[in-house]
Amino acid sequence: MARKKEKIVVNLDLPKDDTTLTKLYIILFFSIILGIGSGLFWITNSGFIPTANGEPMFTNMYCGATAQDEAGNPTGEFFQTNQQPTYTANETCNILRDAPDRITWEGEEWTSVTKRGKNFDVPGVPPEATGGAVVLQPLWLNCTVEAVDDYDYTVAIRAPRGEVLEYYNGTANSGNCGLDMVTIDPDTRYELVFMSAEDTQFLKEITFDMTVHYYDGIPSNMNNKSLWLGPKVSVGPVSIHPTIFLNWFGLTFFFFIYPASYYWEKVEDAKNEVEEKFPDFLRDLAEYWKGGLSMTVAVQTLATSEYGALNDEVKKMSDQLSWGIKFSDVIRQFADRVGTPLVQRAIALIAEADRAGGKISDILVTAANDSRELKFLEGERKRAIGSYIAVIWTSYFVFLGVIVVLAKVFIPAIAGSNSGGEDGGDSGGQTIGNMTIRNIDPLFFVTIFYYGVTMQALGNGSMAGLMATGRFSTGFKHSGMMIVVALLVFNFVAFSPDLIGITEVPGLNPSSGTFVPTPLYWGD
């Protein structure tokens, strides 16, 4: 029989490049790129850079380069960066274009009707704000009319002066009826009227819903001062604007400090796990030496033991010793791979004792005790500093809570109390005794509050990390987490529509009661 060939497995642990710093540099590169991009988007929308027309630089750069009409053709009136833009000029830029809100009147049911009407209002952009530009606000009315017989009826919308703007003649029980108006001007006291052809012919049941496209002249993604708010995103019952320009202020610092610090802290945690098991390894090595085993045999025996994060390193030392590499060289390479001061100091002491030929077991025990004592002191420091870090985080949450209360309660109350100042204009205010409270812009204060919270996060987090480990990377990691907390709190609580310049949709406001309409007047 042919003898079965034996397979020989050779584990070569050749030197490998340490990619830790390479990965750190790559993370830093992309973090800096993202941070600079976020910072540029924020600063060009913040209003800190003065411009000739008073608009943020981002608006001027974007709209100056992309202004066009809805068909993609030049309009003859482009967005000018050296003069205050008009409504028509804003319409040439897609981020400044007024987008309609759908306002509806529904849920009503009229019964036993021969003649019946109800008033409603139509809001819209004030004519003086458009500079003569025509703003179309289409209206749709859907209705169903039921009766005991196929009675004729008329549904109409009348202007405040009584003339009919649009009407529909239909027959009961014939399905849906409706009106479509190309536009309806902003005004109050419009009338919706249903009238049976004969006073004795009762319309048994009328149901309807009305929809109007409402324009307010305010850009859809910008607020009253053209600061970037971004599109609305609904998260359950909450609507947020995740790309509001203020978010990019916090994200600038987040990208600069958090990704690299998070990675470096993972590296340090891995080293700390190795250091935690290092005293146990030295103690066991000393015990095997005292038992009469050589260092080579002792290390090879310990390679089968459990040392957690140190297992791979012990296995590497065992493989190197099996190929005849000197023990002093093996442990020096081990110290270089781990790279921590604690391990390098202990290994240098052991290597020197091995070279001098002294009683190495005592040196191993001393190094193990020294390493264990240092790790114990580090643990004591973390436990002692833990309460101070908790105080720092608590103070940050208290500061954040106070800021949110001010933004949600105090500032809106003041802004609402003085909105009807006697002298009007931006300089108006409310007089209380000898004190005058000037009109304020809620968004200005919310902006200042957010900047303050972000700066507080940077300071508090850095101090917490330095106290905990003495490393800036730990502090930046805490700062990044605080910035994320501030982003979440402000987006879901403080950056509410009434504070960031988004007006509330007024609605059609149908009157509380009905009336018997006069005969239809068709105008001149």
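Source: prediction; values computed, not measured. We use all heavy atoms of the structure for the numbers below, so side chains are in, but hydrogens, waters and symmetry mates are not.
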Under the criterion side chain to side chain contact (heavy atoms under 4.5 Å, CB included), I'd like the reasoning laid out for L246 against F490: C-alpha separation, chi angles, the key distance, then a yes or no.
CA-CA 10 Å; L246 286 175; F490 269 77; over 6 Å; no
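- Around CE of M481, the count of heavy atoms belonging to other residues, nucleotides or ligands within 6.0 Å exceeds 12.
- From I411, atom CD1 reaches atom CD1 of I403 across 9.5 Å, with rounding to the nearest 0.5 Å.
- With a 6.0 Å radius and a threshold of 12 heavy atoms from other residues, nucleotides or ligands, Y87 has its OH atom above the threshold.
- Within the 4.5 Å cutoff, the side chain of L487 has no heavy atoms near those of the F254 side chain.
- Within the 4.5 Å cutoff, no side-chain heavy atoms of I331 are placed close to those of V299.
- Nearest heavy atom pair, residue T243 against residue W248, reads O-NE1, 3.2 Å.
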Just distance, no hydrogens or angles: give the donor-acceptor pairs under 3.5 Å from side chains in residues 443-450, sequence neighbours left out.
residue : atom : partner : partner atom : Å
T447    : OG1  : L443    : O            : 2.7

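- Taking both residues in full, the closest heavy atoms of G39 and T252 are given as N-OG1, 2.9 Å, listed atom of the first, atom of the second, then distance.
- Contacts of W264 classified as ring-ring contact (aromatic ring centres under 6.0 Å, His included), with partners at least two apart in sequence or in another chain: none.
- The only member of V343, V314, D329 that meets side chain to side chain contact (heavy atoms under 4.5 Å, CB included) when paired with F334 is V343.
- The line from CD1 of I385 to CE of M467 is 4.5 Å long, rounded to the nearest 0.5 Å.
- With values rounded to the nearest 0.5 angstrom, L34 atom CG is found 8.5 Å from F30 atom CZ.
- Residues passing the side chain to side chain contact (heavy atoms under 4.5 Å, CB included) test with N272 are E275, E276, K375, E378, K382, sequence neighbours excluded.
- In D312, the CG atom is not crowded: 12 or fewer heavy atoms of neighbouring residues, nucleotides or ligands sit closer than 6.0 Å.
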Set out, in order, the CA-CA distance, both residues' side-chain angles and the distance that settles side chain to side chain contact (heavy atoms under 4.5 Å, CB included) for N247 and N491, then state yes or no.
CA-CA 8 Å; N247 282 345; N491 276 277; 2.9 Å; yes
Side chain to side chain contact (heavy atoms under 4.5 Å, CB included) between I240 and F495, worked out:
CA-CA 8 Å; I240 63 174; F495 292 158; over 6 Å; no
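- Contact check for C63 versus T92: no side-chain heavy atoms found under the 4.5 Å cut-off.
- Residues forming a side chain to side chain contact (heavy atoms under 4.5 Å, CB included) with K408 (at least two apart in sequence, or on another chain): V404, V493, S496, L499.
- Inter-residue side-chain proximity for F58 and I43 is flagged as unmet; no heavy-atom pair is nearer than 4.5 Å.
- Between D336 and R332, no side-chain nitrogen of the basic residue sits less than 4.0 Å from a carboxylate oxygen of the acidic one, so the salt-bridge criterion is not met.
- P123 approaches G507 most closely through the heavy-atom pair CD-O, 3.7 Å.
- Distance alone, capped at 3.5 Å, places no donor-acceptor pair between the T104 side chain and the E106 backbone.
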For side chain to side chain contact (heavy atoms under 4.5 Å, CB included), just list the numbers for D216 and V125, CA-CA rounded to whole Å, side-chain angles, deciding distance to a tenth of an Å, and then say yes or no.
CA-CA 4 Å; D216 59 4; V125 58; 5.7 Å; no
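- No donor-acceptor pair closer than 3.5 Å links the side chain of N221 to the backbone N or O of I95.
- Put simply, the side chain of S479 gets close to the backbone of A457: a donor and an acceptor are under 3.5 Å apart.
- The closest donor-acceptor contact from the side chain of T304 to the backbone of T301 lies under 3.5 Å.
- Side-chain atoms of T59 and S226 form no donor-acceptor pair, as typed in the model, at a separation below 3.5 Å.
- At least one side-chain heavy atom of M222 sits less than 4.5 Å from a side-chain heavy atom of W228.
- Remark: the backbone N or O of A468 is not paired with any side-chain donor or acceptor of Y388 at under 3.5 angstrom.
- Between I32 atom CD1 and Y25 atom OH the span is 11.5 Å, to the nearest 0.5 Å.
- When side chains are defined from C-beta on, Y214 counts as touching P506, because their heavy atoms get closer than 4.5 Å.
- For the pair A384 and S387, the tightest heavy-atom approach, listed with the atom from each and the gap, is O-OG, 3.3 Å.
- Side-chain contact check for I257 versus F472: every heavy-atom pair is 4.5 Å or farther apart.
- N60 and N53 share a side-chain donor-acceptor pair at under 3.5 Å.
- Summarising the geometry, atom OG belonging to S31 is positioned 11.5 Å from atom CD1 belonging to I26; distances are rounded to the nearest 0.5 Å.
- By the 4.5 Å heavy-atom criterion applied to side chains, Y258 and V484 are not counted as neighbours.
- Atom NZ in K232 sits 14.0 Å away from atom CD1 in I244 (nearest 0.5 Å).
- For the pair N311 and E306, the tightest heavy-atom approach, listed with the atom from each and the gap, is ND2-OE2, 3.1 Å.
- In this view, F249 and W42, F253, Y451 satisfy the ring-ring contact (aromatic ring centres under 6.0 Å, His included) rule, not counting sequence neighbours.
- Nearest heavy atom pair, residue H213 against residue Q137, reads O-CB, 3.2 Å.
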Identify all side-chain donor-acceptor contacts of residues 389-398 below 3.5 Å with residues at least two apart in sequence or on another chain.
residue : atom : partner : partner atom : Å
W393    : NE1  : H478    : ND1          : 3.1
T394    : OG1  : A390    : O            : 2.7
S395    : OG   : V391    : O            : 3.2
S395    : OG   : I392    : O            : 2.7
Y396    : OH   : M482    : O            : 2.9

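- Note on D280 versus R283: salt bridge recorded, some NZ/NE/NH1/NH2 to OD/OE distance being below 4.0 Å.
- Enclosure of atom NZ in K271 by more than 12 non-hydrogen atoms of other residues, nucleotides or ligands within 6.0 angstrom is indicated.
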